[in-house]
Number of protein chains: 2
Amino acid sequence: MRASDKAYAALREDIVEWRLAPGTVLAEVEQSERLGVSRTPLREALGRLTAEGLTTAGGRGVVVTDISLEDIDELFELRETLEGRAAALAARRGDAATFERLQRELLQAPELISGDDPALHDYYELVGRLDTAIDAAISNSYLAQAMRSLRVHLVRIRRLAADDACRLTAAAAEHAAIAEAIAAGNPKLAEAATVVHLHRSLSHVKATHASHPKEHHG
Amino acid sequence: MRASDKAYAALREDIVEWRLAPGTVLAEVEQSERLGVSRTPLREALGRLTAEGLTTAGGRGVVVTDISLEDIDELFELRETLEGRAAALAARRGDAATFERLQRELLQAPELISGDDPALHDYYELVGRLDTAIDAAISNSYLAQAMRSLRVHLVRIRRLAADDACRLTAAAAEHAAIAEAIAAGNPKLAEAATVVHLHRSLSHVKATHASHPKEHHG
DNA sequence: ATCCGACTTTCTGTATACAGAACCCTTGTG
DNA sequence: CACAAGGGTTCTGTATACAGAAAGTCGGAT
């Protein structure tokens with residue numbers, strides 16, 4: 001693995017896991033020493049992060065980009081646009097059997113959620129497989145790329161919302177509805193199911209954030 | 001201006017103006033000598049281009065990304081998704097007076113088009129102002145960023161379509177219709193007008209490309 | 001004649017040294 | 001006491017040198 005990849009992966013994870021708070025300045029020498037790489041690959045890593053929007057190139061050095069409540073609204077507005085369209089396209093172009101299988105697995109997901117942590121990991125992996133299947137079904141690399149670059153920011157927000165078992169169970173049912181609509185080849189229904197899911201998800205995030213707004217500033 | 005910015009601007013223009021054909025390998029020493037900068041800032045420029053999708057980091061060196069006919073379809077599918085939504089949002093949130101003014105200017109655009117080259121530049125600048133006004137009206141930085149990263153690729157395609165006076169006049173009328181719908185605060189109409197414009201534009205590009213498909217391979 | 005392998009060459013990836021610029025702190029003055 | 005100017009420090013931006021890897025090439029063997 002290249003040193004620049006290592007630095008990129010480490011910094012990216014530090015940012016999405018909120019170990020590096022928004023506003024933190026990433027000085028080159030400081031970070032290169034911390035990560036055990038030279039300044040050259042570190043600069044390349046910072047460039048990639050800035051291109052993704054996780055960091056911003058300010059006057060002196062790059063700073064971790066802030067995510068505020070208005071940003072969450074904007075983020076979900078774009079997400080609704082992209083994923084709604086993606087679901088509709090997947091319903092037109094996707095393979096029915098693939099999504100029927102995913103739907104069956106998602107309907108059994110509550111067993112995973114009620115379990116302990118390792119089972120939870122299986123659940124997240126299952127949801128990831130649905131995303132991947134949609135990406136493949138739409139057969140549009142530009143749209144898929146736009147969704148990938150969006151998901152980076154969504155992971156950052158997910159850490160703010162304490163996903164309890166109740167919400168995860170509901171989310172699994174919503175995902176199953178999306179998979180069902182795609183398998184049925186119904187574009188409008190697939191888009192509608194996606195919009196519903198995203199709105200519920202957004203409401204949950206905002207409700208969580210409103211109740212413990214300062215959890216991550218300590 | 002930094003050396004990396006200079007290299008980035010030069011390479012980007014070379015690519016979108018088709019002076020660097022798709023598939024061209026950009027060797028670091030060769031390009032750094034050609035552009036008069038060192039390898040370090042050149043690498044940063046290549047990284048930015050790769051992040052935008054204009055180049056691809058293959059096995060050895062980076063190569064100019066190819067744009068095929070299927071890519072054009074994919075590109076316009078994403079464009080319809082993003083710009084359709086953007087027009088709808090602008091109709092809800094935009095300032096009516098701004099778009100009324102733009103509509104009036106666009107209705108007078110045929111005078112610019114029938115003229116010679118300097119007037120044509122004024123026309124392109126006017127269309128750019130409409131894009132900028134929509135970007136500002138939606139007040140969603142993530143959506144705006146997604147559209148900006150998409151426009152880079154569209155400029156590349158625009159060079160393939162010989163925009164004759166006939167098509168430009170029609171396009172101006174379509175743009176005026178979009179501005180009118182936004183000024184009227186009608187989201188569905190604004191989206192529909194945008195979809196119509198994009199489909200006409202796509203048809204024109206494909207028709208042009210079908211008649212002289214090999215123009216840029218000499 | 002063709003295919004496999006080692007060698008050579010060239011390119012990328014990384015480290016480091018140096019120069020210029022930006023920021024901060026200090027000091028002097030109004 | 002406030003503010004501005006100067007110097008000093010620290011950081012970024014750039015160039016270059018070196019090492020490792022990949023691709024091309026040449027030679028030998030089957």
Side-chain angles (χ1 to χ4, degrees), chain A residues 1-16 18-67 141 145 148-149 152, chain B residues 1-16 19-67 145 148-149 152:
Chain A
M1 185 190 238
R2 294 182 301 181
S4 61
D5 290 342
K6 173 186 166 185
Y8 167 76
L11 282 172
R12 175 175 160 145
E13 191 171 317
D14 283 343
I15 293 174
V16 301
W18 291 81
R19 287 191 291 266
L20 286 172
T24 306
V25 293
L26 302 177
E28 294 182 0
V29 285
E30 173 192 352
Q31 294 300 319
S32 66
E33 286 174 0
R34 181 174 77 92
L35 300 174
V37 300
S38 178
R39 275 185 61 212
T40 306
L42 183 100
R43 278 176 71 89
E44 184 179 324
L46 290 179
R48 275 203 265 176
L49 292 170
T50 301
E52 286 180 328
L54 286 178
T55 57
T56 308
R60 168 121 80 154
V62 304
V63 297
V64 179
T65 305
D66 187 53
I67 279 202
S141 58
Q145 175 58 32
R148 264 194 299 276
S149 62
V152 187
Chain B
M1 186 190 238
R2 293 182 301 179
S4 61
D5 291 342
K6 173 185 166 187
Y8 167 76
L11 282 172
R12 177 176 160 144
E13 192 171 318
D14 285 342
I15 293 174
V16 301
R19 287 192 291 266
L20 286 172
T24 307
V25 292
L26 302 176
E28 294 182 359
V29 284
E30 173 192 352
Q31 294 301 318
S32 66
E33 285 173 2
R34 182 175 76 92
L35 300 174
V37 300
S38 179
R39 275 184 61 213
T40 307
L42 183 99
R43 278 176 71 89
E44 184 178 323
L46 291 178
R48 275 202 264 175
L49 292 170
T50 301
E52 286 180 329
L54 287 177
T55 57
T56 308
R60 170 120 81 154
V62 304
V63 299
V64 179
T65 305
D66 187 53
I67 279 202
Q145 175 58 33
R148 265 194 298 275
S149 64
V152 186

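What you see below is based on every heavy atom in this structure, not just the backbone, and it leaves out hydrogens, waters and symmetry mates. Each chain gets a letter, A, B and so on, in the order its sequence line appears, and its residues count up from 1.
Remark: the backbone N or O of B:Leu54 is paired with a side-chain donor or acceptor of B:Thr65 at under 3.5 angstrom.
Annotation: proximity of residues 38-51 of chain A to DNA chain C (heavy atom, distance under 4.0 Å) is found for A:Ser38, A:Arg39, A:Thr40, A:Pro41, numbered in ascending order.
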>> One pair to check against side chain to side chain donor-acceptor pair (under 3.5 Å): B:Tyr8 and B:Glu13. What are the steps and the verdict?
In response: CA-CA 8 Å; B:Tyr8 167 76; B:Glu13 192 171 318; over 6 Å; no

> Should A:Thr50 and A:Thr55 be marked as a side chain to side chain donor-acceptor pair (under 3.5 Å) after you check the CA-CA gap, both sets of side-chain angles, and the distance that decides it?
Replying inline: CA-CA 5 Å; A:Thr50 301; A:Thr55 57; 2.8 Å; yes

>> Using side-chain contact (heavy atoms from CB on, under 4.5 Å), reason through A:Leu26 and A:Leu46 one step at a time and then give a plain yes or no.
In response: CA-CA 9 Å; A:Leu26 302 177; A:Leu46 290 179; 3.8 Å; yes

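Across every non-hydrogen atom of A:Leu35 and A:Ala10, the tightest pair is CD2-CB, 3.8 Å. Across all their heavy atoms, A:Ser4 and A:Glu44 have their closest contact at OG-OE2, 3.6 Å. In plain terms, the two heavy atoms of B:Ala7 and B:Val37 that are nearest each other are CB-CG2, 4.1 Å.
Taken from CZ in A:Arg60 to CD in A:Glu28, the straight-line distance is 11.0 Å, to the nearest 0.5 Å.
Residues A:Asp5 and A:Arg48 are paired through a salt bridge, judged by an N-O separation under 4.0 Å between the basic side chain and the carboxylate.
Each of A:Leu20, A:Thr56, A:Thr24 was checked for a side chain to side chain contact (heavy atoms under 4.5 Å, CB included) with A:Val63, and the lone residue meeting it is A:Thr56.
Of all nucleotides in DNA chain D having an atom under 4.0 Å from a heavy atom of chain B, the first and last in 5' to 3' order are D:dG13 to D:dA23.
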Atom pairs under 3.5 Å, N or O on each side, protein against nucleotides 23-25 of chain C: can you list them with distances?
unit_1: C:dC23; atom_1: O4'; unit_2: A:Arg60; atom_2: NH2; d: 3.1

